[in-house]
Amino acid sequence: MENLFRLVDHEDFFARRCIIVNGPVIVGAGPSGLATAACLRDQGVPFEVLERADCKASLWKKRTYDRLKLHLPKAFCQLPKLPFPEDFPEYPTKRQFIDYLESYAKHFEINPKFNSCVQSARYDETSGFWRVNTVSTTGSARSEVEYICRWLIVATGENAECVVPDINGLCEFGGEVVHASEYKSGEKYKGQKVLVVGCGNSGMELSLDLCNHNASPSIVVRSSIHILPREIYGKSTFELAVFLLKWLPVWLADKLLLLFSWLILGSIDKYGLNRPSVGPMELKNTQGKTPVLDIGALDKIKSGGIKVVPGIKRFSYGRVELVDGEVLDIDAVVLATGYRSNVPSWLQEGDFFSKNGFPKQPFPQGWKGNAGLYAVGFTRRGLSGASCDAVRIAQDIGNVWKCETKQNKKRTTAGHRRCISQTF
């Protein structure tokens with residue numbers, strides 16, 4: 001408590017409402033933040049979850065397309081302490097996953113503070129606490145709130161902000177340009193020529209969706225790409241890869257995966273899809289690049305329903321010129337160009353996180369920093385990686401909590417001490 005009173009020495013302490021959180025503050029109420037909160041609840045540690053949107057899992061609810069399903073089997077996507085319902089299919093739909101997250105939050109009594117956008121967070125060495133400054137909005141009302149906490153858990157994830165590349169002439173195109181986060185269905189593009197920029201899992205699936213709605217998609221493939229079948233002889237490719245990596249070196253596991261892929265998919269080079277020289281698992285481990293798990297787009301490419309094109313040289317009105325000199329007439333552009341972390345924009349810290357918004361230490365060391373700072377959901381290993389982080393973080397904080405408070409494990413809710421500015 002003595003250290004808390006040192007905060008009074010800071011002049012701006014009285015400039016806003018202050019909440020002292022008896023436990024960690026979790027920034028982000030997506031799957032990563034919910035998983036960490038649930039594990040903390042299980043450890044008997046109180047917490048506060050801050051979320052800038054007006055709902056839980058806003059990426060899934062507001063920035064995903066209608067046909068989306070989990071690309072991996074549900075066993076690798078469920079969060080800690082609560083499995084998916086038994087009647088869910090092997091690859092749950094977007095709606096089913098959202099329902100699961102809602103029931104997950106309800107089960108563990110997780111009630112985030114919505115519309116609370118973190119402006120900055122920094123460690124106060126004088127007091128030994130984190131100071132998290134937020135702007136909260138309720139209707140037209142706007143208020144500034146500062147949270148004081150001993151532990152700060154960054155759960156904003158890898159996909160906090162859309163990446164919109166600066167492409168020569170795009171502003172002159174004149175037609176509709178949307179990021180994949182705004183795309184819902186190919187129905188509105190029926191009969192149109194659509195250029196999809198980006199050939200990851202989203203780009204491939206959006207191209208498939210456009211083709212299924214009788215649009216004419218072209219997908220930009222600038223560099224080499226690994227495409228694997230989602231299942232290999234009835235077994236999840238991801239599950240098979242996990243099994244192989246338990247017993248074999250990465251290079252040999254990659255050789256086997258590529259052999260199985262060739263037997264199922266055939267050669268893909270002749271369709272403008274060249275494989276990297278590095279295997280899919282090694283590429284994932286070293287560069288974080290996820291292989292595409294094919295769910296039907298490759299058949300459309302082979303039949304001509306989806307056209308593969310090289311990189312873009314420039315756009316002009318209603319057209320795009322490619323690097324090979326070909327010019328295409330197009331009606332719309334979908335930017336499946338991914339997302340990035342937004343951590344550098346608000347976290348005032350340079351030892352744990354790098355400039356790209358990811359922990360400097362690779363998996364599995366990238367979950368814990370100094371001075372009570374933690375990261376969850378930055379492993380580039382999807383929901384299973386986030387779950388591993390959540391369990392480790394909760395156990396680490398829980399051990400300190402139990403030792404210092406000498407409490408038995410029990411279900412608790414966050415306790416606050418509120419300081420209203422200018423009342424002294």
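All heavy atoms count here, side chains included; hydrogens, waters and symmetry mates do not. Residues take their numbers from the sequence shown, with the count starting at 1.
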Q. Does a side-chain N-to-carboxylate-O contact under 4.0 Å join Lys193 and Asp331?
A.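 Salt bridge flag = no for Asp331 with Lys193.
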Q: Run the salt-bridge test on Glu172 and Arg314 with the 4.0 Å N-O cut-off and return the result as yes or no.
A: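 Here Glu172 pairs with Arg314 in a salt bridge, since their nearest N and O are under 4.0 Å apart.
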For [X], I'd like to know if atom [atom1] has over 12 heavy atoms of other residues, nucleotides or ligands within 6.0 Å.
X      : atom1 : result
Lys184 : NZ    : yes
Arg222 : CZ    : no
Lys94  : NZ    : yes
Lys302 : NZ    : yes
Asn370 : CG    : no

Rounded to the nearest 0.5 Å, what separates atom [atom1] in [X] from atom [atom2] in [Y]?
X      : Y      : atom1 : atom2 : answer
Glu90  : Phe84  : CD    : CZ    : 10.5 Å
Ile148 : Arg131 : CD1   : CZ    : 5.0 Å
Ile225 : Ile219 : CD1   : CD1   : 7.0 Å

[X] side chain to [Y] main-chain N or O, any donor-acceptor pair under 3.5 Å?
X      : Y      : value
Thr134 : Val145 : yes
Ser58  : Cys55  : no
Arg381 : Thr379 : yes

(Q) Filter on ring pair (Phe, Tyr, Trp, His ring centres under 6.0 Å), then keep only pairs touching residues 190-224, sequence neighbours left out; what's left? (A)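 Qualifying pairs: none.
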Quick check on the 6.0 Å ring-centre criterion: do [X] and [Y] meet it?
X      : Y      : answer
Tyr339 : His179 : yes
Tyr317 : Phe173 : no
Phe97  : Trp60  : yes

Q. Passes side chain to side chain donor-acceptor pair (under 3.5 Å), Tyr91 versus Gln96? Steps please.
A. CA-CA 10 Å; Tyr91 300 94; Gln96 287 171 324; over 6 Å; no
Q | Short side-chain donor-acceptor distance under 3.5 Å, Ser185 and Asp66 | A | no
**Q.** Nearest heavy-atom neighbours spanning Ile264 and Pro229
**A.** CD1-CG, 4.0 Å
Q: With sequence neighbours left out, write down each residue that passes side-chain contact (heavy atoms from CB on, under 4.5 Å) with Ser341, or none if nothing qualifies.
A: Val343, Pro344, Phe358, Phe378
